[in-house]
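We number each residue from 1, following the sequence as shown.
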Amino acid sequence: MEANESGPQGFPELKNDTFLRAAWGEETDYTPVWCMRQAGRYLPEFRETRAAQDFFSTCRSPEVCCELTLQPLRRFPLDAAIIFSDILVVPQALGMEVTMVPGKGPSFPEPLREERDLERLRDPATVASELDYVFQAITLTRQRLAGRVPLIGFAGAPWTLMTYMVEGGGSNTMAQAKRWLYQRPQASHQLLRILTDALVPYLVGQVAAGAQIIFAKDGHFALEELAQAGYEVVGLDWTVAPEKARDRVGKTVTLQGNLDPCALYASEEEIGQLVQQMLSDFGPQRYIANLGHGLYPDMDPEHVGAFVDAVHRHSRLLRQN
């Protein structure tokens with residue numbers, strides 16, 4: 001969607017399109033910044049809003065998702081919002097039960113164990129209509145944002161979702177999911193195809209509902225392929241050196257990242273120095289500042305604010321020099 005036109009639903013005109021212009025490779029006056037998991041448990045107001053209901057009930061309430069998406073924007077001058085949701089709404093829409101266990105994370109009481117378990121999954125063509133609540137949340141949030149900043153949508157990649165569905169939760173080794181790849185290659189292909197067929201209309205639906213950009217992350221092993229995949233933005237984690245990444249992807253995509261989230265435990269002064277270094281490594285254009293992964297629940301909101309302010313301040317100074 002063009003930055004200056006109102007969308008098909010008559011969305012408010014966008015006032016700050018710095019993030020989109022950086023994504024498209026246009027010149028910007030400063031480096032735009034947002035944080036992965038910026039709508040999250042590090043904010044006391046988030047914990048307060050979320051306390052009343054189960055995690056996935058929250059995801060299914062467009063009104064609450066909208067409120068949680070907007071909370072960080074009331075505190076910090078961020079250049080983009082990201083819709084509050086979860087990647088596991090897709091396996092849910094395919095008919096799997098997922099619960100959020102406090103202190104442990106997501107859990108699938110009945111993960112996929114055998115090839116025949118794939119028969120339990122719903123037709124992927126029904127997923128987009130099952131997830132209409134996400135589209136409603138996006139549309140409502142675009143209206144309430146009143147053009148302040150763009151809104152990002154997201155989904156988990158097929159392999160990421162497959163690992164959860166087979167492992168029954170998060171896993172460091174992904175041994176069960178990888179076992180499927182080696183022992184059940186055909187079933188693995190079938191499952192990844194089901195997920196792909198579910199994700200494509202889901203993402204298209206997010207864009208139609210008002211989301212304005214999608215990014216790929218954790219792809220350092222395939223930077224060249226990602227750069228040619230048609231994405232405008234490639235996100236980097238902190239294990240990748242910005243200069244090397246730029247050499248590998250060329251000048252036609254925008255890079256995003258990649259401060260180690262743990263750097264926000266440092267003093268505000270040190271955060272400023274780390275941001276300065278990151279900005280000079282990435283260069284002023286075709287770049288969106290972010291962390292290399294999501295904010296952790298025990299982070300100090302003041303330090304998040306210091307990160308955002310440092311990006312804006314130092315990037316303006318860099319351009320002047």
Side-chain angles (χ1 to χ4, degrees), residues 1 6-16 19-20 34-43 45-76 78-100 106 122 124-157 160-161 164 195 198-215 217 294-295:
M1 188 176 111
S6 56
Q9 293 91 333
F11 288 128
E13 192 177 319
L14 193 54
K15 300 182 185 102
N16 173 2
F19 169 83
L20 289 182
W34 67 282
C35 299
M36 282 192 234
R37 297 199 190 134
Q38 63 191 26
R41 287 175 295 169
Y42 73 102
L43 290 176
E45 58 267 37
F46 175 96
R47 294 195 294 272
E48 208 173 296
T49 308
R50 272 270 302 105
Q53 58 190 148
D54 155 76
F55 178 81
F56 286 107
S57 307
T58 304
C59 291
R60 283 190 287 274
S61 164
E63 194 64 50
V64 181
C65 289
C66 175
E67 165 59 21
L68 294 172
T69 302
L70 296 176
Q71 281 178 351
L73 278 98
R74 294 186 192 123
R75 272 189 186 247
F76 315 117
L78 295 153
D79 293 293
I82 182 163
I83 196 68
F84 175 82
S85 186
D86 194 86
I87 63 170
L88 299 181
V89 296
V90 171
Q92 276 187 330
L94 285 167
M96 292 189 78
E97 188 191 344
V98 193
T99 56
M100 195 58 83
R122 287 193 193 124
T126 65
V127 164
S129 58
E130 285 286 326
L131 294 176
D132 189 57
Y133 60 84
V134 179
F135 306 146
Q136 288 178 35
I138 287 172
T139 302
L140 180 64
T141 306
R142 273 293 296 280
Q143 296 290 2
R144 297 251 172 101
L145 274 168
R148 184 168 163 185
V149 290
L151 178 64
I152 303 170
F154 68 94
T160 307
L161 297 179
Y164 276 100
L195 286 164
L199 286 164
V200 170
Y202 177 47
L203 287 172
V204 169
Q206 287 192 35
V207 174
Q212 290 160 294
I213 197 154
I214 292 157
F215 71 97
K217 77 174 176 63
L295 287 160

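Y164 approaches P106 most closely through the heavy-atom pair CE2-CG, 3.7 Å. Closest of all the heavy-atom pairs between V134 and S85 is CG2-OG, 4.1 Å. Here the closest heavy-atom approach between residue L295 and residue C35 is recorded as CD1-CB, 3.9 Å.
Summarising the geometry, atom CZ belonging to F46 is positioned 9.5 Å from atom OG1 belonging to T69; distances are rounded to the nearest 0.5 Å. Atoms CE and CZ, on M100 and F56 in that order, are 4.0 Å from each other to the nearest 0.5 Å. Considering CZ of R60 and CG of L131, their distance stands at 10.5 Å, rounded to 0.5 Å. Annotation: the span from S61 atom OG to Q136 atom CD amounts to 9.5 Å, rounded to 0.5 Å. We find the CG-CZ distance between L88 and F55 to be 8.0 Å, quoted to the nearest 0.5 Å.
Under the rule for a salt bridge (charged side-chain N to carboxylate O under 4.0 Å, His left out), the partners of R75 that lie at least two apart in sequence or sit in another chain are E45. R122 meets the side chain to side chain contact (heavy atoms under 4.5 Å, CB included) test with T126, E130; sequence neighbours excluded. Here C65 pairs with F84, A137 under the side chain to side chain contact (heavy atoms under 4.5 Å, CB included) rule; sequence neighbours left out. Legend: residues meeting side chain to side chain contact (heavy atoms under 4.5 Å, CB included) with E67, ordered by chain and number and at least two apart, are T49, Q71, R74.
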Please tabulate, for side-chain N and O atoms in residues 91-99, each donor-acceptor pair with protein atoms closer than 3.5 Å (sequence neighbours left out).
{"residue": "T99", "atom": "OG1", "partner": "S107", "partner atom": "O", "Å": "3.4"}

Enumerate donor-acceptor pairs with a distance under 3.5 Å from any side-chain N or O in residues 145-157 to protein atoms, sequence neighbours excluded.
{"residue": "R148", "atom": "NH1", "partner": "L73", "partner atom": "O", "Å": "3.3"}
{"residue": "R148", "atom": "NH2", "partner": "L73", "partner atom": "O", "Å": "2.4"}

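Using a 4.5 Å cut-off on side-chain heavy atoms (C-beta onward), L78 and F19 make no contact. In this structure, the side chains of D54 and T58 stay at 4.5 Å or more apart for every pair of heavy atoms. Residues Q38 and I82 have side chains in contact (heavy-atom distance under 4.5 Å, counting atoms from C-beta outward). Using a 4.5 Å cut-off on side-chain heavy atoms (C-beta onward), P72 and Y42 make contact. Using a 4.5 Å heavy-atom cutoff, the side chains of L14 and L20 are in contact. Counting heavy atoms from C-beta on, the side chains of D79 and W34 never come closer than 4.5 Å.
With hydrogens and angles disregarded, a donor-acceptor distance shorter than 3.5 Å links the side chain of T139 to the backbone of A209. A donor-acceptor contact shorter than 3.5 Å is absent between the side chain of D86 and the backbone of V89.
By the neighbour-count criterion of 12 heavy atoms within 6.0 Å, atom CZ of R41 is sparsely surrounded, having that number or fewer from other residues, nucleotides or ligands.
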Working for side chain to side chain contact (heavy atoms under 4.5 Å, CB included), residues I213 and V207: CA-CA 8 Å; I213 197 154; V207 174; over 6 Å; no

